[in-house]
Amino acid sequence: LKKSFLLITLFILSSTNQVKVEELDSKIDYKLYEEFVIKESNLIKLGKYQEAILELEKKLVLQPDNPVILNLLGKSYDKLNKKNKSLEYLTKAITVDRNYPKAYNTLALIKGKENKFQETINLLDAAIKLDDNYAEAFSNRGVAKGALNKNIEAINDFTKAIEINPFLSDAYINRGITYELLGNTFSACEDWETAASLGRKEPEKWFKSQCKNSLENKLSKQIKLTETLRKKNLNQINNLKKEKEENLRTINKQNLFIE
């Protein structure tokens with residue numbers, strides 16, 4: 001079965017500006033900004049992009065420099081394949097506020113689609129510097145590192161994402177894919193099983209088609225290993241018993257001598 005890495009597309013942003021991570025310093029709580037556009041975010045999740053755009057543009061009049069609004073507008077236009085309009089809003093989003101971590105994540109997604117994976121990593125480094133609990137950024141950085149064959153580093157990023165958010169199914173899927181590439185089918189199957197339990201259909205198919213035999217073989221090997229160790233321990237116990245009996249006989253013989 002063909003498998004591909006999954007980028008977590010919560011927000012989408014694009015810009016040609018270079019990122020200097022050491023200059024970033026997040027001080028703003030963006031939750032209030034995001035609460036202001038909950039309705040529009042839900043419309044985007046439902047695929048109602050044109051309706052979301054109408055509502056967002058009304059709010060943009062009130063808050064023209066709100067990076068969350070600009071970001072969502074960019075995402076909506078991108079979904080409608082209106083690239084120029086999308087880039088217009090996305091570029092402004094990162095220009096008006098260099099400290100909004102989701103902006104760097106969404107810009108990274110655009111670079112990832114263009115196969116510019118090192119740029120993707122640099123942008124996600126910036127997002128993580130601004131928010132070191134940003135699970136989606138860690139997971140997306142893992143995807144980019146995997147694309148550059150940095151598989152161990154990719155697994156570390158997926159694992160960090162899962163530690164932050166144990167319900168992030170994309171991280172389990174992508175870590176499973178990476179494990180499979182490294183030949184660790186058992187760990188891959190464990191991750192796909194978890195992703196399937198979180199409601200994902202793709203890994204459920206992979207698990208059913210590829211993992212049953214793998215898990216059965218693993219279990220069979222574990223049973224054989226356990227049996228081998230049991231026999232080895234039994235032999236050691238028997239040998240100790242024989243040695244003890246021999247020592248007792250020797251002691252008894254020695255006691256027969258009269259001093």
Side-chain angles (χ1 to χ4, degrees), residues 1-12 41-42 44-47 75 79 101-102 104-106 108-118 120-121 123-125 127-128 131-227:
L1 290 174
K2 184 178 180 181
K3 305 178 191 69
S4 59
F5 289 100
L6 305 173
L7 289 169
I8 301 172
T9 55
L10 296 184
F11 297 87
I12 295 184
S41 295
N42 289 333
I44 293 172
K45 289 176 183 177
L46 293 171
K75 178 178 183 179
K79 293 293 186 180
K102 289 182 179 177
Y104 293 93
N105 180 66
T106 55
L109 300 180
I110 296 295
K111 297 299 181 182
K113 291 177 184 177
E114 296 172 350
N115 295 328
K116 296 178 180 178
F117 300 116
Q118 189 54 56
T120 301
I121 291 170
L123 288 161
L124 291 166
D125 285 344
I128 291 167
D131 182 0
D132 58 6
N133 284 310
Y134 195 173
E136 290 79 9
F138 276 105
S139 186
N140 285 334
R141 191 172 69 175
V143 172
K145 288 180 176 178
L148 293 177
N149 294 320
K150 298 178 179 181
N151 292 319
I152 301 302
E153 291 182 28
I155 286 174
N156 291 338
D157 274 345
F158 296 136
T159 300
K160 180 64 177 178
I162 290 166
E163 288 174 359
I164 297 168
N165 181 3
F167 302 101
L168 191 63
S169 57
D170 292 273
Y172 289 105
I173 292 172
N174 291 327
R175 190 173 68 173
I177 292 171
T178 310
Y179 274 135
E180 187 191 35
L181 290 172
L182 292 172
N184 188 348
T185 305
F186 181 71
S187 292
C189 290
E190 285 187 320
D191 277 346
W192 294 337
E193 184 179 27
T194 302
S197 73
L198 292 171
R200 299 301 292 269
K201 298 299 181 184
E202 314 97 308
E204 183 179 3
K205 294 176 183 176
W206 304 339
F207 183 81
K208 287 180 179 178
S209 65
Q210 294 180 236
C211 296
K212 185 178 179 181
N213 290 336
S214 174
L215 292 174
E216 286 178 349
N217 289 338
K218 182 76 173 181
L219 181 60
S220 177
K221 288 179 181 178
Q222 287 177 334
I223 291 172
K224 288 179 180 178
L225 178 60
T226 301
E227 181 62 18

So L124 and D157, side chain to side chain contact (heavy atoms under 4.5 Å, CB included) or not? Walk me through it. CA-CA 11 Å; L124 291 166; D157 274 345; over 6 Å; no

Rounding to 0.5 Å, atoms CG (D170) and CG (N165) come to a distance of 10.0 Å

Nearest heavy atoms of I164 and D132, plus distance in Å: CD1-O, 3.8 Å

Which value, rounded to the nearest 0.5 Å, describes the distance between N184 atom CG and T178 atom OG1? 11.0 Å

When you look at L182 and I152, which way does the side chain to side chain contact (heavy atoms under 4.5 Å, CB included) test go after all the steps? CA-CA 9 Å; L182 292 172; I152 301 302; 4.0 Å; yes

Atom NZ of K145 and atom CZ of R141: how far apart are they, to the nearest 0.5 Å? 4.0 Å

For A127 versus P101, what's the shortest heavy-atom pair and its separation? CB-O, 3.5 Å

With rounding to the nearest 0.5 Å, note down the distance linking NZ in K75 to CD1 in I44. 6.0 Å

Distance check, rounded to the nearest 0.5 Å: E193 atom CD versus L198 atom CG? 11.0 Å

Heavy-atom side-chain contact between F138 and T159 under 4.5 Å: no

If you take all heavy atoms of S169 and R200, which pair is closest and at what distance? OG-NH1, 2.8 Å

Looking only at non-hydrogen atoms, find the nearest pair between G112 and F117 and report the distance. O-CE2, 3.7 Å

Work out which heavy atom in A171 is nearest to a heavy atom in A161; give both atom names and the distance. CB-CB, 4.1 Å

Applying side chain to side chain contact (heavy atoms under 4.5 Å, CB included) to T120 and N140, what does each step give before you reach the verdict? CA-CA 9 Å; T120 301; N140 285 334; 6.0 Å; no

Can you check side chain to side chain contact (heavy atoms under 4.5 Å, CB included) on W192 and I177, steps first, answer last? CA-CA 9 Å; W192 294 337; I177 292 171; 4.3 Å; yes

If you look at every heavy atom in L168 and S139, which pair is closest and at what distance? CD2-CB, 4.1 Å

Hey, could you give me the SG/CD distance between C211 and E190, rounded to the nearest 0.5 Å? 9.5 Å

